[in-house]
Amino acid sequence: MLLYLHIPFCDSKCHYCSFNSYVEKFHLKERYMQALHTQLKENLDRFGIQPYSIESLFIGGGTPSTIPAEYYAPLLQTLQPYLCADAEMTAEANPNSATYSWLSNMQQLGMNRISFGVQSFHHEKLKRLGRAHSRDDALRALTEASELGFKHLSLDLIYATAFDTPTLLEADLAQAFALNIDHISAYALSIEEGTVFQQYPEVAKEQLEQTQWLFRTIEQHGFKQYEISNFGTYVSRHNLGYWKYRPYLGIGAGAVGRIANQRYYPHRDIDAYIQTPCFSTTETLCEHEMKREQIFLGLRSIVGLSEHLLSMSELQRAQLLVNENRLVNNDGIFYNNNYLLSDEIALFIED
Ligand SMILES: C[S@@+](CC[C@H](N)C(=O)[O-])C[C@H]1O[C@@H](n2cnc3c(N)ncnc32)[C@H](O)[C@@H]1O
Ligand code: SF4
């Protein structure tokens with residue numbers, strides 16, 4: 001079982017981001033954390049979660065580092081009996097708010113992995129993306145996290161922007177690899193509704209050759225690509241769990257959970273969530289939808305696609321792709337070695 005906790009607060013809104021987060025509701029932090037705790041306890045109970053069965057906790061956002069570490073303590077105490085001994089425990093953090101004491105206190109609470117939203121180390125690119133931190137903030141936060149001895153450190157980068165040049169991306173990667181990290185998430189900029197960039201769609205500029213160069217360069221540093229946007233000497237259990245279609249609890253405003261064929265959505269609006277944290281709407285997924293999701297997730301990651309999932313006609317089409325060297329079949333699982341083609345391949349295979 002995976003567990004996701006959502007923190008919907010940010011110091012400022014980045015120009016590209018449509019995640020559920022608020023910059024003007026900091027006065028609700030304490031009540032929000034109490035509501036999270038209420039939903040957590042209710043969900044553990046409602047879904048009959050067994051002791052030691054949670055293999056990964058991911059605190060994401062928004063910006064988890066905008067919340068003082070002590071506000072997480074009661075939730076982690078409740079969770080303690082449910083966590084596997086070697087659970088992966090990740091918190092996302094922004095360099096400007098991940099202070100030494102925040103990092104240290106989160107580590108004391110059991111977090112063993114920090115995923116930093118760095119996006120770039122280039123001053124002008126950070127400004128254009130609307131980031132609230134500088135290159136030096138990022139270097140400080142990552143260095144301090146490393147000194148504290150976190151087991152796993154990751155950073156997010158954004159590429160495929162109109163501000164990118166080969167020199168800029170090369171410098172970003174060189175700087176990233178000079179740090180003590182074992183994981184990089186590299187996301188191509190996408191233009192989302194309701195963001196500043198929606199008015200400037202030309203800032204998203206994906207160039208296939210540049211993307212291929214980026215992937216190659218990250219891999220040359222020994223970080224294996226295990227999903228279209230994820231690379232590491234360490235494979236995140238949480239990420240892999242999503243792509244393996246493992247069930248997950250979704251706690252928080254705008255979070256999503258899925259247990260078997262039930263996908264549930266707590267309130268997205270923070271005020272409504274605080275009022276009724278245990279409320280959720282539920283969508284029942286049919287077999288066809290679940291299969292479709294597994295095909296898409298498997299083909300964009302090292303998880304692959306099991307033969308057992310496919311109909312005769314789908315198997316035949318998958319076999320055609322094996323003959324064309326687009327897929328590899330290993331022990332009854334089809335693996336895709338070019339994740340950039342994963343959606344096209346999935347659409348081709350599906351009935
Ligand atoms: C949930 S967000 C938040 C993490 C954290 N608050 C931060 O900004 O550092 C996780 C990552 O998604 C990526 N992201 C968000 N919106 C994106 C977009 N429109 N295009 C590409 N990447 C995006 C960013 O790299 C970001 O670090
Ligand atoms: S990218 Fe991160 S910091 Fe920026 S608005 Fe989105 S969640 Fe907040």
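Bear in mind the structure is a predicted one, so any value in this text is a computation, not a measurement. Just follow the structure's listing: the first ligand is 1, and inside any ligand the first atom is 1.
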Give the residue and atom name of whichever protein heavy atom lies nearest to [atom], and the separation in Å to one decimal.
atom: atom 22 (N) of ligand 1; answer: Y187 CB, 3.4 Å
atom: atom 5 (S) of ligand 2; answer: C14 N, 3.4 Å
atom: atom 21 (C) of ligand 1; answer: A188 O, 3.3 Å
atom: atom 17 (C) of ligand 1; answer: Y16 CD1, 3.5 Å
atom: atom 2 (Fe) of ligand 2; answer: R131 NH1, 3.9 Å
atom: atom 4 (C) of ligand 1; answer: E92 OE1, 3.5 Å
atom: atom 25 (O) of ligand 1; answer: Q119 OE1, 2.7 Å

With heavy-atom distances below 4.0 Å as the criterion, list the atoms of ligand 2 near [X].
X: G62; answer: 7 (S)
X: T63; answer: 3 (S), 8 (Fe)
X: C17; answer: 1 (S), 5 (S), 6 (Fe), 7 (S)

Using the benzene-type ring in the case of Trp, are the ring centres of Y273 and F279 under 6.0 Å apart? no
Salt bridge or not between [X] and [Y]? Use side-chain N to carboxylate O under 4.0 Å.
X: D86; Y: R237; result: yes
X: R317; Y: E350; result: no
X: E293; Y: R263; result: yes
X: E24; Y: K13; result: no
X: E124; Y: R128; result: yes

Is the distance between atom 4 (Fe) of ligand 2 and the nearest N/O/S atom of C10 smaller than 2.8 Å? no
Touching ligand 1 at all, G62? Heavy atoms, strictly under 4.0 Å? yes
Within less than 4.0 angstrom of ligand 1, does S115 place any heavy atom? no
Evaluation steps, ring pair (Phe, Tyr, Trp, His ring centres under 6.0 Å), between Y242 and Y248: CA-CA 8 Å; Y242 280 143; Y248 56 99; 5.0 Å; yes
What residue among D164, L157, L168 forms side chain to side chain contact (heavy atoms under 4.5 Å, CB included) with S120? L168
Report the part of N94 in contact with ligand 2, treating N, CA, C, O as backbone and CB onward as side chain, heavy atoms under 4.0 Å; options are side chain, backbone, both, neither. side chain
Heavy-atom contacts with [X] under 4.0 Å: which atoms of ligand 1 show up? List them by number with element.
X: R131; answer: 7 (C), 8 (O), 9 (O)
X: L189; answer: 20 (N), 21 (C)
X: T63; answer: 6 (N)
X: G61; answer: 1 (C)
X: E192; answer: 19 (N)

Are F163 and I191 connected in the hydrophobic side-chain network, where two residues link if heavy atoms are under 4.5 Å apart? yes
Relative to the ring of H15, is the ring of F197 parallel (under 30°), tilted (30 to 60°) or perpendicular (over 60°)? perpendicular
Spatial distance of atom CZ (R326) from atom CG (N338) [nearest 0.5 Å]: 8.5 Å
OG1 on T217 to CD on Q210, rounded to 0.5 Å: 10.5 Å
cation_pi(K29, F26) dist<6.0 Å, angle<=45: yes
Tell me which one of F9, F19, Y22, Y16 gets a heavy atom nearest to atom 1 (S) of ligand 2. Y16
Among A93, S185, S190, G60, closest by any non-hydrogen atom to atom 20 (N) of ligand 1: S190
Below a 4.0 angstrom heavy-atom separation, can you tell me which part of I191, side chain or backbone, both or neither, approaches ligand 1? neither
Should the proximity of F19 to ligand 1, defined as any heavy atom under 4.0 Å, be assigned to the side chain, the backbone, both, or neither? side chain
Heavy-atom check, side chain of I218 versus side chain of F177, under 4.5 Å: yes
If I apply the N/O under 3.5 Å rule, does D156 come out as touching ligand 1? yes
Heteroatom distance test (N94, ligand 1): nitrogen or oxygen, under 3.5 angstrom: yes
Distance alone, cut at 3.5 Å: any donor-acceptor contact between the side chains of T63 and E92? no
